[in-house]
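In what follows, a single structure is set out as structure tokens and then discussed.
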Amino acid sequence: WVFPRLMYPPGPNDGYRGRFDGDWHEGLSLWTQDYPRADRHFSEAVRRLTRIHVRSAEQPVNLEDGDDVYDWPWLYAVQVGEWGLTAQQAKIMREYLLRGGFFMADDFHGTIEWQMFVERIKLVFPDRPIVDVPDNDPIFHTVYDLDDRYQIPGSEHLDRGYKLDGKGAHWRGIYDDKGRIMIAISFNSDVGDSWEWADDPWYPEKFSALGIRIGVNYIVYAMTH
């Protein structure tokens, strides 16, 4: 298994706009948030906690780079409330997901970022609903039983426990016609930060403990469903 991270152009509310204008292919959009520290910490955790063979280095993925995306059964993106996914990229992602791919959308918070995420994900699946994933769904029980899923704040928001107006964790998804989750959505939680800072003593262990378990479950689910 490899940690594939989705590259994407900036959206209209991307925090890099005006500060780091440039080519998003070279990292100048928020797809690089937590990169590569979160990717490598989480890959090490997967290696230690499962029998999965894990590559140490991550894999940035550009949806428009030929057939590259189809090599990876699991795909992750961060800050998806500030992304600028294009119609052409959405078409490719739709094909990837319908072929059996899995997409984890992470680290976006509050009303405006939710609206921006939905606007882009509707380019992928205009007619498929976003729903709350029930506690008994297999994705929460592949390796760990995760009925207690609390909000995971980012490292910069530990004092408040949330970002913007994003109070309360929501674990949502988009299913295919056979009941398989194609898109797993961690709204109002920053799972990537729980991976990035897992080895730092000032970051609360309980958040990394949950974040890593969620990630492990999602990987095993993606590779077995």
Side-chain angles (χ1 to χ4, degrees), residues 1-8 10 14-16 19-20 27-50 52 54-61 74-83 102-110 113-114 117 139-140 142-146 148-172 184-222:
W1 178 81
V2 177
F3 190 117
R5 176 181 284 258
L6 178 66
M7 305 164 66
Y8 57 74
D14 186 298
Y16 276 10
R19 292 190 298 152
F20 305 107
L28 294 175
S29 83
L30 282 169
W31 71 261
T32 57
Q33 187 77 18
D34 309 328
Y35 172 84
R37 182 178 166 93
D39 315 44
R40 296 183 184 181
H41 278 184
F42 181 55
S43 295
E44 177 63 23
V46 176
R47 183 183 297 110
R48 292 177 59 188
L49 296 171
T50 75
I52 298 172
V54 180
R55 196 178 82 184
S56 298
E58 64 289 336
Q59 180 71 38
V61 175
W74 186 93
L75 184 64
Y76 172 85
V78 68
Q79 301 275 165
V80 291
E82 298 169 78
W83 63 346
F102 179 94
F103 175 46
M104 179 178 176
D106 183 38
D107 187 13
F108 62 118
H109 313 263
E113 291 190 3
W114 175 257
F117 169 73
I139 201 168
F140 296 134
T142 55
V143 178
Y144 301 101
D145 289 318
L146 299 176
D148 181 22
R149 299 178 305 280
Y150 39 82
Q151 186 165 9
I152 302 174
S155 61
E156 296 183 4
H157 307 283
L158 291 173
D159 54 341
R160 297 177 67 195
Y162 62 94
K163 179 182 177 182
L164 302 175
D165 61 337
K167 294 183 179 180
H170 298 277
W171 310 95
R172 294 171 173 164
I185 301 162
S186 45
F187 176 52
N188 287 345
S189 283
D190 190 344
V191 178
D193 260 23
S194 78
W195 302 338
E196 181 181 9
W197 304 110
D199 67 341
D200 198 307
W202 65 265
Y203 186 81
E205 184 273 340
K206 72 173 185 176
F207 297 134
S208 290
L210 176 59
I212 288 171
R213 285 168 171 78
I214 286 172
V216 167
N217 271 25
Y218 284 9
I219 289 171
V220 174
Y221 179 92

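Predicted, not measured: the structure shown is a model, and the values here were computed from it.
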Considering all heavy atoms, the nearest F102-A184 contact: CZ-CB, 3.5 Å
Hey, does W171 have a side-chain heavy atom less than 4.5 Å from the side chain of S189? yes
To the closest 0.5 Å, what do you measure between CG (D39) and CZ (R5)? 4.0 Å
Sorted by chain and number, sequence neighbours left out, side chain to side chain donor-acceptor pair (under 3.5 Å) with H170 holds for R172
Surrounding CZ of R48 (heavy atoms of other residues, nucleotides or ligands, distance under 6.0 Å), is the total greater than 12? no
Test side-chain contact (heavy atoms from CB on, under 4.5 Å) on H109 and Y162 and set out the steps. CA-CA 8 Å; H109 313 263; Y162 62 94; over 6 Å; no
Please check if the side chain of N217 supplies one atom and the backbone of I139 the other of a donor-acceptor pair under 3.5 Å. yes
Gap separating the OG atom of S155 from the CG atom of D200, nearest 0.5 angstrom: 9.0 Å
Suppose we call two aromatic rings close when their centres sit under 6.0 Å apart. Are W74 and Y218 close by that rule? no
Is any side-chain heavy atom of S29 closer than 4.5 Å to one of Q79? no
Spacing of E196 atom CD and D190 atom CG [to the nearest 0.5 Å]: 8.5 Å
Minimum side-chain heavy-atom gap I212-W195 below 4.5 Å: yes
What are the two closest non-hydrogen atoms of G168 and N188, and how far apart are they? O-ND2, 2.9 Å
Give the minimum heavy-atom separation between A38 and G192, together with the two atoms involved. CB-O, 3.5 Å
OH (Y221) and CE (M104) are apart, to the nearest 0.5 Å, by 14.0 Å
Rounded to the nearest 0.5 angstrom, the OH-CG distance for Y203 and D193 is 5.5 Å
Write down the atom of D106, the atom of S186, and the distance for their closest heavy-atom approach. OD1-OG, 2.7 Å
May I ask you to test the Y35-V78 pair for a side-chain heavy-atom distance under 4.5 Å? no
Nearest 0.5 Å, what's the CZ-CD1 distance between F108 and I185? 6.0 Å
Quick one: does L49's side chain get under 4.5 Å of R213's, heavy atoms only? no
Using the rule ring-ring contact (aromatic ring centres under 6.0 Å, His included), only one of Y8, W1, F3 pairs with Y76; which is it? F3
Would you say the side-chain atoms of R55 pair up with the backbone N or O of E58, donor to acceptor, closer than 3.5 Å? yes
Please tell me if the side chains of S194 and F42 come closer than 4.5 Å, counting only heavy atoms from C-beta onward. no
What one should report as the nearest heavy-atom pair of R47 and S56 is NH2-OG, 3.1 Å
Is R37 salt-bridged to D199, going by a charged N under 4.0 Å from an acidic O? yes
Do I52 and V220 touch side chain to side chain, with heavy atoms closer than 4.5 Å? yes
Test log, rule side-chain contact (heavy atoms from CB on, under 4.5 Å), inputs W197 and L158: CA-CA 12 Å; W197 304 110; L158 291 173; over 6 Å; no
